[in-house]
Structure formats: C-alpha cells, structure tokens
Protein chains: 2
Amino acid sequence: MTTYYRIGDVAARTGCSPESIRHYEKLGLLPPPKRGEQGYRLYSQAALERIGFIRHGRSLGLDLHNIQELLELSDHPDTDCSAADDIASRHLAHLEARIAKLQALADELRQVVHQCRGGKAADCQIIQTLYEHQPSCSDTRCGDRQSLLK
Amino acid sequence: MTTYYRIGDVAARTGCSPESIRHYEKLGLLPPPKRGEQGYRLYSQAALERIGFIRHGRSLGLDLHNIQELLELSDHPDTDCSAADDIASRHLAHLEARIAKLQALADELRQVVHQCRGGKAADCQIIQTLYEHQPSCSDTRCGDRQSLLK
DNA sequence: CCTAAACCCTGTAATCGTTACAGGGCCAAG
DNA sequence: CTTGGCCCTGTAACGATTACAGGGTTTAGG
C-alpha cells in the first residue's frame with residue numbers, strides 16, 4: 001500500500017545526503033522513521049516532503065533552528081503564523097545586511113586587485129594595503145562585522 | 001629600548017581577542033613571541049602590525065589559509081607576488097558569486113514575506129512555499145549552492 | 001558456493017574561526 | 001590576606017556538513 005524508501009533512495013530523490021538526514025533526525029527536525037527488519041530507516045512520502053521543506057529552507061539560508069520553528073508551526077495548523085513571517089522578515093533583513101557588507105568588501109577588493117602584475121612582493125600593492133589600518137573600523141567601534149560576514 | 005606589549009594590550013590595540021592571537025600563533029601565522037619572566041607573551045611593534053595585517057585580511061573575508069600565504073609572500077620580499085593577485089582575484093570572484101546568490105535568495109524571500117499577516121499556519125504562504133520544490137535547482141544539478149551560501 | 005560491491009547501522013572526529021570555559025599561576029590594591 | 005585582574009595551557013562549544021572507523025546485510029557475478 002504505502003511506499004517506503006530507504007535512506008539512500010531518499011537522498012537521491014531529495015538531494016540531501018544520508019548523513020544530513022540522520023542529522024536532522026538526531027536534532028528532532030525529522031521524527032524517528034519506521035525501521036525495516038534489519039534496522040534500516042524507511043521513509044514515507046510525507047517524510048520526503050518534510051525533508052524537501054528543510055532543504056528548501058536551507059537553500060534560502062535559514063538555519064536549522066529557524067526551520068525547526070517553521071516545521072512546528074506547520075505541525076500545528078491552527079496556530080497563528082505571524083511567527084513565520086517574523087522569521088522570514090528577520091532573515092531577509094539579515095540577508096540584506098550581509099549583501100551590503102559583502103558589496104563593500106568587494107568594492108574594497110576591486111581597488112587592490114590587479115595592482116601588482118609581475119612585481120615583487122616588496123612592492124605589492126595588495127600586501128601594502130593589508131598592512132595599512134582600516135580607516136572605517138579600527139577607530140570606530142563596529143564589533144558586528146564578523147557576524148555579518150559569516 | 002624596544003617596547004613590548006602583553007597580550008591584553010595587543011588585544012586592546014588591534015581589536016583582536018587574546019584567544020584569537022594565541023590561535024594565530026598555534027596555526028603558525030604569528031611567530032612564537034618573546035616571553036617575560038612569568039611566561040607572559042611579549043609582542044613587538046612588528047608583531048602588532050602583523051596582527052593588523054591578519055585582521056584586515058579577515059575583515060575582507062579572506063580565510064586564515066589565504067592570509068598565511070599572503071604573509072609568507074610578505075616575509076619573502078623578493079618573491080614574485082602574482083600569487084597575491086591570484087588570491088585577491090579568486091576571493092573577489094567568490095564574493096561576487098556569493099553576492100549574486102544572496103541577492104537571489106533575498107528576492108525569493110521578498111516574495112513570500114508579509115503574505116500571511118494574522119492567518120493560521122495552515123494557510124501560511126511562507127510554509128506553503130517551503131513545501132513546494134524549488135524549480136531552479138531540484139531538477140538541475142547545482143551542488144555548489146551551499147558553499148556559496150556560507 | 002563464495003566473494004566483492006553496495007548498501008545500511010552507530011558513534012566519533014574533522015572542517016572553519018572564534019568564544020568559553022576549567023584549573024592553575026602571578027601580582028597589586030584594598 | 002583576600003580579592004580581582006591579568007596571564008598560562010588545554011579542551012570543548014558553536015552550525016551544518018562531511019568523513020571516517022568498525023560492523024552487519026543483501027545482492028550480483030563468477
């Protein structure tokens with residue numbers, strides 16, 4: 001009647017590695033699946049769709065914690081879903097900040113790239129630049145730069 | 001004569017935590033510094049500048065491996081520095097790819113955000129969307145999406 | 001029948017850069 | 001003399017994934 005898939009099949013169908021699938025289970029994003037006679041995990045179609053949900057969320061850059069919250073909302077259809085909107089909005093803001101930051105880095109890099117074709121390291125503009133302090137940040141406090149970079 | 005700084009002073013001056021400084025030393029990016037009578041690390045002005053170099057590189061998003069390569073170039077001023085240009089160019093290309101990817105994610109997120117104000121989870125457009133397969137990637141192979149995200 | 005490949009299992013360690021401890025030593029001001 | 005502030009070393013945590021090690025089971029081919 002119902003079709004069940006082994007973890008390798010699920011991996012091929014969802015593009016999610018078996019290791020990740022087991023990882024999601026350990027973290028509680030996936031319920032423990034049925035087991036075959038030899039202890040093999042057996043996944044239903046619903047589980048496949050849940051994994052697709054997770055992968056889609058990951059591909060959007062959401063972390064597993066946020067995805068878990070979204071899954072819990074989905075598991076309780078009567079709940080108010082403004083939390084989902086919060087998560088998406090916050091993540092969008094996070095993305096936009098990261099984009100702006102990376103854009104600034106790329107701009108800065110573009111100014112030094114291709115400045116030292118064929119020269120010696122002693123004269124290299126890139127290395128020179130790295131030795132110079134950053135005007136924008138070494139003086140003013142901006143401790144959240146790293147977090148935006150990651 | 002020469003002034004030496006303890007690791008806490010260096011941290012205050014460079015914005016680099018003592019833990020990170022010790023970490024850079026363990027990885028070989030910083031030479032083992034002089035030690036005081038109590039075994040405290042003592043850093044010269046040159047070491048301060050080397051740490052500034054590392055931090056500037058990190059703030060550009062370079063990884064420590066690339067920074068180490070740049071430092072080695074800097075340590076051998078007679079070397080050809082086209083490798084530095086390679087590193088910077090590759091990183092710039094990497095940044096641009098990440099920006100494009102994040103831009104696409106942000107665009108996709110913008111389409112679903114604010115679609116479910118005050119509704120129930122069952123009708124939530126965000127959750128609905130996550131359950132739907134991604135057209136752009138689930139069919140075609142594009143395994144390097146994650147790497148661009150990070 | 002036998003064996004090698006291809007699965008699956010569990011648990012642990014690696015990646016990357018940083019932070020946070022634990023457990024200890026040293027010194028100065030209260 | 002005790003407290004707080006530095007410093008030391010070594011280890012574990014973070015997040016998500018990958019890569020093992022060490023073992024079991026099935027399947028296909030010879």
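Within every chain, numbering begins at 1; the chains are lettered A, B, ... in the order of the sequence lines, protein sequences first and strands thereafter.
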In whole Å, I'd like the distance from the [atom1] atom of [X] to the [atom2] atom of [N].
| X | N | atom1 | atom2 | value |
| --- | --- | --- | --- | --- |
| B/Tyr24 | C/dG17 | OH | C1' | 7 Å |
| B/Leu30 | C/dT18 | CG | P | 12 Å |
| A/Ile7 | D/dT18 | CD1 | P | 13 Å |
| A/His65 | D/dT17 | NE2 | P | 16 Å |
| B/Ile21 | C/dT18 | CD1 | P | 11 Å |
| A/Asp63 | D/dC14 | CG | P | 14 Å |
| A/His94 | D/dG15 | NE2 | C1' | 12 Å |
| B/Gln68 | C/dG17 | CD | C1' | 14 Å |

Checklist outcome for this item: Nucleotide by nucleotide, nucleotides 25-30 of chain C touches protein heavy atoms under 4.0 Å in the pattern (B base, S sugar-phosphate only, - none) BSS---

Test salt bridge (charged side-chain N to carboxylate O under 4.0 Å, His left out) applied to [X] - qualifying residues, sequence neighbours left out:
| X | result |
| --- | --- |
| A/Asp123 | none |
| A/Asp107 | A/Arg110 |
| B/Asp9 | none |

Checklist entry - Which of these passes side chain to side chain contact (heavy atoms under 4.5 Å, CB included) with A/Leu102: B/Gln103, B/Arg98, B/His94? => result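 The residue from B/Gln103, B/Arg98, B/His94 that satisfies side chain to side chain contact (heavy atoms under 4.5 Å, CB included) with A/Leu102 turns out to be B/Arg98.
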
Please name the pair of heavy atoms, one in [X] and one in [Y], separated by the smallest distance, quoted to 0.1 Å.
| X | Y | value |
| --- | --- | --- |
| A/Ile127 | A/Ala121 | CD1-O, 4.2 Å |
| B/Ala106 | A/Ile99 | CB-CD1, 4.1 Å |
| B/Val113 | A/Asp85 | C-OD1, 3.9 Å |
| B/Gln68 | B/Leu27 | NE2-O, 3.6 Å |
| A/Glu72 | A/His76 | O-ND1, 2.8 Å |
| B/Leu73 | B/Ala83 | CD1-CB, 4.0 Å |

Item to check | Partner of B/Tyr24 under side chain to side chain donor-acceptor pair (under 3.5 Å), chosen from B/Arg50, B/Arg55, B/Arg58 | outcome: B/Arg55

Quick test: give all pairs of protein nitrogen or oxygen and nucleotides 9-13 of chain D nitrogen or oxygen below 3.5 Å, distance rounded to 0.1 Å.
from	atom 1	to	atom 2	distance (Å)
D/dT9	OP1	B/Arg35	NH1	3.4
D/dT9	OP1	B/Arg35	NH2	3.0
D/dT9	OP2	B/Arg41	NH1	2.8
D/dT9	OP2	B/Arg41	NH2	2.7

Next on the checklist: How bent is the helix from C/dC1-D/dG30 to C/dG30-D/dC1, measuring the angle between the end axes built from five pairs each, rounded to 10°?
Outcome noted: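 The helix from C/dC1-D/dG30 to C/dG30-D/dC1 shows an end-to-end axis angle of 30°.
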
[N], OP1 or OP2 - any side-chain N/O from [X] closer than 4.0 Å?
| X | N | answer |
| --- | --- | --- |
| A/Ser20 | D/dA16 | no |
| B/Ser17 | C/dT18 | no |
| A/Arg6 | C/dA6 | no |

Next on the checklist: Closer than 3.5 angstrom, by distance alone: can the side chain of A/His56 be matched with the main-chain N or O of B/Thr129 as a donor-acceptor pair?
Outcome noted: yes

Checklist entry - Counting side-chain heavy atoms from CB outward, which of D/dA19, D/dA16, C/dG17 is closest to A/Glu19? => result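 Nearest listed nucleotide: D/dA19.
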
